[in-house]
Amino acid sequence: MSEVIEPPPVSAAVPAEQSKFKTSDDVAFYKRQIRGPNPQYRTLLDTMVLTERGARFELLQPDSQKSLLLSVSPCKNNTVRILIDELQPIKARYRVPDVLVGEPQGERMSVERQSKDSVTLSWSSGRHQVRVWHFPFRLEILCEDEVMVTFNSKGKLWFETLQEPPRATSESSEQLEDEHTSSLWKETFKEFVDIKANGPSSIGSDLCLHGFSHVYGLPEHADDLQLRDTRDGEPYRLYNLDVFAYDVYSRFGLYGSVPLLVAHKPDRTLGLFWLNASETYVNVHYSPSEHQDDQTPPAKGVQKQTDVHWLSESGVIDCVVLLGPGPQQLFSQYAQLTGYQALPPLFALGYHQCRWNYNDEADVKAVDAGFDQHDIPYDVIWLDIEHTDGKRYFTWDPEHFPEPAELQHHLQRKKRKLVVISDPHFKFDPGWLLYNEAREGGHFVRDREGQIYLGSCWPGACSYLDFSNPDTRAWYSGCFSLEEYKGSTPSLFLWNDMNEPSVFGGPEQTMPKDAVHHGGWEHRELHNLYGFYQHMATAEGLIARSGGSERPFVLTRSFFAGSQRYGAVWTGDNVATWEYLEISIPMILSLSITGIAFCGADVGGFFRDPEPELLVRWYQAAALQPFFRSHCAIWSKRREPWLFGEEVTAAIRTVIKQRYCLLPFWYTLFHQAHTSGLPPLRPLWVEFPRDESTFSVDNQYMIGGALLACPVIKPGVEEIKVLLPGSDEVWYDVHSAESYKGGRTLSLPVTLDTVPVFQRGGSVVCRSVGSGSCTAEYKELPLNITVALSSQGLADGELYLDDGHSFSYRDRKAFCLRRFNMLSGRLLCRPASEDGAFDCDTVIQSLTVLGVKNKPSTVVVHLSGAKDSSAAFQYTETSRMLTVSDLNLRVTKDWEIQIL
Ligand code: NOJ
């Protein structure tokens with residue numbers, strides 16, 4: 001490895017916010033809006049125009065005589081889009097491109113009622129309505145005559161219209177005396193000066209969510225799943241930043257942003273999607289407030305509500321209200337807007353081994369061999385920045401990685417993969433071909449003077465690719481072709497890091513907002529999109545590399561709404577302490593409910609060294625989360641699973657193997673995310689929407705609809721409390737098969753080996769039986785199906801199968817989706833969809849049925865075209881568990897098992 005890198009001077013004594021980052025008090029547009037006064041707008045009801053896709057109105061601000069244009073567009077899928085722009089801007093304002101996947105089908109509206117005060121428009125046979133009030137302007141959305149959401153309920157609509165820059169007269173220099181007016185065209189933070197070419201252009205509005213007292217979403221923050229009332233502190237910030245060893249329980253913005261807020265109450269789930277990529281803040285006010293909740297009961301008739309105030313630095317107001325009504329519909333509406341989770345190649349759901357850095361090819365091969373020696377399956381080994389030649393991405397360090405293709409072949413022979421890092425900055429090096437190509441192609445972001453922007457990152461002086469430019473993306477994608485990327489092979493996959501973008505020594509360690517992108521847009525307009533675009537270009541590059549046939553795998557640190565279409569996300573530079581393990585669960589759940597379903601945290605903690613107990617607990621939790629990768633910093637000690645003694649190795653081996661056995665279930669859940677928008681990892685309330693005891697739970701989660709996990713996340717624990725929701729539910733401990741009635745909190749004794757997981761009665765889970773060294777080997781194994789009976793003796797579940805790596809499932813419908821259904825003692829295996837055909841030999845070897853009240857006399861197998869046969873079984877009376885073995889039933893065939 002080249003030079004020694006010093007660990008950043010992070011100590012617990014310096015909270016991230018107080019060092020190089022801003023608080024809301026440092027942000028001029030935020031202060032302007034909060035200070036007010038908020039102008040009141042008047043809807044000119046007689047300007048209403050009804051169109052194919054909704055209605056338009058002019059809004060007038062009587063004092064300034066400035067006019068805005070409001071459009072309201074309801075869509076077939078139960079969403080309403082509210083768009084506000086200037087009626088006659090002096091130039092176009094930025095509208096976020098490339099995030100929405102096509103326009104959802106609009107609905108026509110008709111006038112229901114009209115008076116001088118308001119107009120009520122309805123669609124979907126009158127079930128939904130919007131009511132637009134004349135003065136002050138507000139807009140209500142009603143479902144079945146009940147007001148769900150009021151836009152501008154508190155009159156916080158704010159729209160700074162673009163102006164010509166002031167001329168330098170004595171009058172304007174007098175104005176500069178005032179702190180607020182002086183920051184309109186130029187803002188200073190520490191030594192950084194931000195020149196605002198367009199002057200003040202911020203926007204904002206509040207929305208009232210009637211009847212709601214639980215809201216979630218808005219990643220990425222290291223905080224609880226349920227959003228807090230922000231009256232006692234900072235607003236939620238959405239501004240993508242590189243925050244090393246971020247503070248926990250903070251509303252400070254981290255690496256990525258999804259401006260989707262999800263509100264839930266027992267009979268309704270709603271979403272507010274604020275499509276804006278500039279720096280954004282969100283204030284949340286619950287009424288009655290938490291304080292009132294605890295102390296004094298709210299006065300009779302006081303309705304619950306949550307007020308959400310959004311404030312963005314620029315752009316337009318583009319807000320989509322998703323009306324649910326349930327969590328599943330909400331996820332589907334959101335996926336229709338921003339895209340579904342990409343279906344990962346199967347290997348990506350296996351275990352990933354990473355560190356900054358594996359030193360050389362021999363080191364990689366030794367670690368790879370270590371997994372075999374210790375009988376621990378894994379799929380991917382990762383190389384961080386040190387693998388490159390002087391931090392020039394797309395190159396290899398000639399001394400330590402002289403034969404990269406051979407290294408990949410070595411791994412590929414064992415059906416394993418290599419991932420390498422590729423950051424968005426390019427070393428300033430006129431002697432490097434790729435740098436010159438990028439410069440000559442006009443692919444770099446420019447500074448406000450029009451020169452190529454020069455920042456600093458790992459290579460030292462560097463420039464940043466302008467991924468917002470489609471030509472740059474196409475050029476960058478081409479760099480991943482096997483011909484261009486020397487030393488790459490089809491088993492090489494990618495990792496995009498530092499793409500907030502991170503700029504060492506930059507304002508808040510990022511790019512100045514007045515840097516200029518393609519089309520002349522300032523960086524401030526699209527800051528939160530930067531990582532999204534790099535991820536897009538990388539994924540498209542990998543797809544193109546295979547001629548369009550293979551699924552890519554790309555992990556990104558920075559993201560925006562829609563990033564789910566391109567791969568996986570991880571939660572950045574956490575620390576090897578218990579509180580970071582604990583916070584990783586709500587962080588991953590927040591990502592999951594806002595579309596980013598393929599997500600995970602660095603196992604063990606990136607910075608510092610975990611004690612062995614923490615490492616084991618982290619593996620146990622992460623093995624039950626979507627993206628499962630161990631990673632640590634260059635200053636951390638080696639951490640391969642076998643370095644801490646046999647007890648630790650055995651505990652880690654157990655959970656990694658359990659993860660591999662559960663892959664048929666995980667893969668099916670990813671298929672579901674890919675087709676319906678439901679995330680594999682779900683907060684309990686998603687599965688138990690009416691059970692209020694689940695609404696604030698974020699140390700437990702559901703994996704699909706079937707498994708409830710409650711990982712141990714505290715040290716020295718001997719007993720753990722697990723909420724088992726639903727008073728008519730039955731839950732089965734997956735390890736002991738013991739059953740528990742739902743609607744209670746269970747106290748469960750635990751040892752270092754215990755990972756509390758329960759299967760919900762009424763579900764079916766498929767697992768591989770046996771062991772292997774990677775996903776490709778597990779894929780060949782036979783399956784067990786575990787049928788957990790509900791109190792009515794029913795159960796239902798699905799299994800999705802395809803080749804695990806290509807797009808044939810999409811292009812040639814080469815997949816199969818099977819359904820297992822248990823009713824009156826008969827288990828049927830049938831197609832779950834008429835679509836798809838996939839020839840595979842996978843067999844169901846055994847069946848486990850949980851909750852069988854009496855010992856059966858016989859178990860009969862019916863297979864079409866064959867004689868009925870009776871199967872060997874075992875019944876355990878104490879746990880009421882039936883096991884039927886030696887079945888050998890092809891999963892693609894229709895069959896039936898009858899328990900008599
Ligand atoms: C920061 C990333 O968050 C971390 O995972 C990586 O190891 C370092 N950059 C070095 O590339």
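In each ligand, atom 1 is the first atom listed, and ligand 1 is the first ligand listed.
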Salt bridge (Lys or Arg N to Asp or Glu O under 4.0 Å) partners of D98, counting only residues at least two apart: none

Modelled atom types, side-chain donor and acceptor of E279 and Y281, under 3.5 Å: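 Distance-only check passes for E279 and Y281.
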
Distance-only donor-acceptor check, side chains E613 and W578, under 3.5 Å: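 Looking only at side-chain atoms, W578 and E613 do not form any donor-acceptor pair under 3.5 Å.
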
Close aromatic pair by centroid cut-off 6.0 Å: F467 and Y530: yes

Close-range residues for ligand 1, whose non-hydrogen atoms fall below the 4.0 Å threshold: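 If the criterion is a heavy atom under 4.0 Å, then ligand 1 touches W356, D384, I385, I421, W458, W495, D497, M498, R557, W570, D573, F606, H631.
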
Residue pairs passing the side chain to side chain donor-acceptor pair (under 3.5 Å) test where at least one lies in residues 491-501, sequence neighbours excluded: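 Applying side chain to side chain donor-acceptor pair (under 3.5 Å) to every pair that reaches into residues 491-501, excluding sequence neighbours, yields T489-S491, N496-T538, D497-R557, N499-Q534, N499-T556, E500-R557.
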
Set of side-chain hydrogen bond (donor to acceptor under 3.5 Å, both in side chains) partners for W396, sequence neighbours left out: none

